[in-house]
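Position 1 is the first residue of the sequence, and the numbers go up from there. Keep in mind that this is a model prediction, so the values were computed, not measured.
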Amino acid sequence: NDFRSAADKIEEAMEICRKHPDTIPYIDKQAELLNILLDIYLAMDDKARCRKLITEIDQLNETYKEQGVCREVSPDIRNQL
C-alpha cells in the first residue's frame, strides 16, 4: 500500500541521518522525518507505533535542545493517542 511504501522511504532517509549521530543538521532532519513518519502511521491507524515515535521525538528534542533541535508534536496528535 502507498502508506507502507512512504513509511519505508522515510525509514531509509532516517537511516542516513542515524549514520551521523554527532552532526546537528542530520539530527534535526531525523526529528523532522520522525514527525512525517508519525503522520503516516497516524493515517495507518497504528497508534502503538505513533506513541513510540512521539517518545523518540521527545528524546531527541530533550537531548539536543541546547543545540536548537526542537520538532514539536502537535497537541492534536498527542490527544488522539
Side-chain angles (χ1 to χ4, degrees):
N1 97 23
D2 289 340
F3 286 126
R4 180 74 257 155
S5 177
D8 289 344
K9 293 294 183 191
I10 298 298
E11 293 277 1
E12 287 176 28
M14 284 181 18
E15 283 307 311
I16 293 168
C17 293
R18 287 187 177 117
K19 291 178 182 176
H20 304 275
D22 299 321
T23 308
I24 294 301
Y26 282 100
I27 294 164
D28 187 51
K29 183 56 70 177
Q30 180 182 346
E32 180 183 358
L33 292 169
L34 284 166
N35 266 300
I36 294 168
L37 201 56
L38 176 60
D39 290 338
I40 293 168
Y41 281 112
L42 193 60
M44 294 170 67
D45 202 36
D46 187 342
K47 293 183 179 183
R49 180 66 192 229
C50 288
R51 285 189 285 274
K52 289 179 185 177
L53 291 169
I54 288 172
T55 299
E56 193 172 346
I57 293 165
D58 289 344
Q59 288 172 342
L60 279 176
N61 284 338
E62 183 63 29
T63 302
Y64 297 101
K65 67 182 174 187
E66 297 294 322
Q67 290 85 1
V69 174
C70 184
R71 297 290 177 164
E72 291 300 319
V73 174
S74 154
D76 290 339
I77 291 175
R78 287 183 190 271
N79 290 336
Q80 289 180 44
L81 306 171

Review item, side-chain donor-acceptor pairs of residues 17-24, under 3.5 Å, at least two apart:
{"from": "Arg18", "atom 1": "NH1", "to": "Glu15", "atom 2": "OE2", "distance (Å)": "3.0"}
{"from": "Arg18", "atom 1": "NH2", "to": "Glu56", "atom 2": "OE2", "distance (Å)": "2.9"}

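For Asp2, the CG atom sits in a loose shell: 12 or fewer heavy atoms of surrounding residues, nucleotides or ligands are nearer than 6.0 Å. Shown here is Gln67, whose CD atom has more than 12 heavy atoms of other residues, nucleotides or ligands within 6.0 Å.
For Thr55, the side chain to side chain contact (heavy atoms under 4.5 Å, CB included) partners two or more places apart in sequence, or in a different chain, are Gln59. Residues satisfying the side chain to side chain contact (heavy atoms under 4.5 Å, CB included) criterion with Arg49, sequence neighbours excluded, are Glu11, Leu37, Tyr41, Asp46, Leu53.
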Open item on the list: Apply side chain to side chain contact (heavy atoms under 4.5 Å, CB included) to residues Lys47 and Gln80 and explain how you reach the verdict.
Closed with: CA-CA 9 Å; Lys47 293 183 179 183; Gln80 289 180 44; 5.7 Å; no
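Here the closest non-hydrogen pair linking Asn61 and Arg71 is OD1-N, 2.8 Å. Residues Val69 and Leu60 come closest through the heavy atom pair CG1-O, 4.4 Å. Minimum heavy-atom separation, Cys70 to Asp28: N-OD1, 4.5 Å.
Here Ile54 contributes atom CD1 and Ile77 contributes atom CD1; the two are 7.0 Å apart, rounded to the nearest 0.5 Å. In this structure, CD1 in Ile16 is found 11.5 Å from CD in Gln30, a value given to the nearest 0.5 Å. With rounding to the nearest 0.5 angstrom, the OH atom of Tyr26 is 12.0 Å from the CG atom of Leu33. In this structure, CD1 on Ile40 lies 5.0 Å from CD1 on Ile10, to the nearest 0.5 angstrom.
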